[in-house]
Each structure stands twice: as structure tokens, then as C-alpha cells.
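Below: the structure, in C-alpha cells.
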Amino acid sequence: MLIAKTKANLISKLEINQGMQEEPNFFERVYDLARLIPKGRVTSYGAIAKAIGSAKSSRMVGWAMSQSHGSVPPVPAHRVVNRNGILSGKHHFIHPNQMQELLEAEGLKIQDDKVQEFKTRFWDPLLEL
DNA sequence: AAGGTGACAGTTT
DNA sequence: TAAACTGCCACCT
């Protein structure tokens, strides 16, 4: 349908962007950083935005995540939550439960769409770089 | 080509 | 304390 077609266009553009590695754009930087998130840890949209030098673009990080499906290498979008540890992006997965399931498969506990022990599970890109 | 849209976050009521 | 408001900016139509 229309939606599918739009998405296909987006994906193809993203692939093109990934192909041109000369000037890493916003998306690439978001994705590259997201790929560094260790298994079993999570970070926030804002933390990623800040880490790529665009501290006030957290909304775009979320948008980038929504388009990350299908990109290669894979982007662990499920490890990105909002600053309160809430799984605000769960609706963008195949099944709304999938985000939680993926996280639980990595050893995290989720309750009411919120990562438990969020503080200790939080991975701050700035501290690791 | 101008305006709309977010998987947010910080500030103000 | 919570809800409302506001800034944000790459990308889409």
C-alpha cells in the first residue's frame, strides 16, 4: 500500500546514505553509536544525541530509530529507551512486546514498560568514549 | 519551497 | 507533582 511504498523509499534512501561513507551524516552517527551499546545495557535518545554532538536532537534520534529496521549491520534499537527507562518505542516493533522480549532475553527485567535497575543498566556513551 | 512530523528532554505552570 | 509548553532539526510531501 501507500505506507509500504513510502517505507520502501525511506529504506532505499537510507541504504544509499550508508553507501556514501565520506561524510557521516546524522543517521549514520546515530546508528554507529547505537551499535556500540553493549548487550544487556541500555541508553537514552538524549544520551545518543549528546554523544554525537547534537545534544538537542533527541527527537531525531527517535525518528532515526524508527527507520533503522532493515539496516545493516543491525541496529539494536531495543536498547534505546527514554531518559526514564521507559520503552517508549515499543510500538515500532513487529509486535509491541518484541522490544521487551529482546531486552529480557539479554537479562534485563521490565515492568510496566520500564527497565528495572535503570541506573545501573544505563550505558552512557560519553563515559565510554 | 514551505510546512509538518516525531520512539525526546528541559523548563515552566 | 504532574501536566503543559517549547525548542529541536533532518527528512518527508
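In what follows, chains carry the letters A, B, and so on, assigned in the order in which the sequence lines appear, proteins first and then strands, with residues in each chain numbered from 1. A quick note: this is a predicted structure, and the numbers were derived from the prediction, not measured.
- Across the protein-nucleic acid pair, A:His91 atom NE2 and B:dA7 atom P stand 10 Å apart, rounded to whole Å.
- Put simply, CZ on A:Phe27 is 10 Å from C1' on C:dC12, counting in whole angstrom units.
- Taking 4.5 Å as the limit, some side-chain heavy atom of A:Ser88 sits within range of a side-chain heavy atom of A:Tyr45.
- Taking atom CG on A:Leu103 and atom C1' on B:dA7, their separation rounds to 13 Å, with Å as the unit.
- Closest to the side chain of A:Met99, from the set B:dA7, C:dC11, C:dC9, is B:dA7.
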Scan the side chains in residues 47-62 of chain A for donor-acceptor partners under 3.5 Å anywhere in the protein, sequence neighbours excluded, and list what turns up.
from	atom 1	to	atom 2	distance (Å)
A:Ser54	OG	A:Ser57	OG	2.6

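- Residues that satisfy the salt bridge (charged side-chain N to carboxylate O under 4.0 Å, His left out) test with A:Glu106, not counting sequence neighbours, are A:Arg79.
- Look at CD1 on A:Ile110: it is 15 Å from C1' on B:dA7, rounded to the nearest Å.
- The hydrophobic side chain of A:Ile86 is isolated, with no ILVMFWY side chain under 4.5 Å apart from it.
- Looking at every heavy atom in both residues, A:Arg121 comes nearest to A:Gly40 through NH1-O, 3.1 Å.
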Look for any protein N or O under 3.5 Å of an N or O in nucleotides 8-13 of chain B and output each such pair with its distance, or none.
from	atom 1	to	atom 2	distance (Å)
B:dC8	O2	A:Ser58	OG	3.2
B:dA9	OP1	A:Gly46	N	2.9
B:dA9	OP2	A:Arg83	N	2.8
B:dG10	OP2	A:Arg83	NH1	3.1

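- A:Gln67 places its CD atom 11 Å from the C1' atom of B:dT5, with the value rounded to the nearest Å.
- In the hydrophobic clustering (ILVMFWY side chains linked at under 4.5 Å, chained through shared members), A:Val42 is joined by A:Val81, A:Leu87, A:Phe93, A:Met99, A:Leu102, A:Leu103, A:Leu108, A:Ile110, A:Val115, A:Phe118, A:Phe122.
- For A:Ala64 against A:Tyr31, the heavy-atom pair with the smallest separation is O-OH, 2.7 Å.
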Give every pair of a protein N or O atom and an N or O atom of nucleotides 2-4 of chain C that lie under 3.5 Å apart, one pair per line with the distance.
none

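- Between A:Arg35 and A:Asp32 there is a salt bridge, since at least one side-chain N of the basic residue sits less than 4.0 Å from a carboxylate O of the acidic one.
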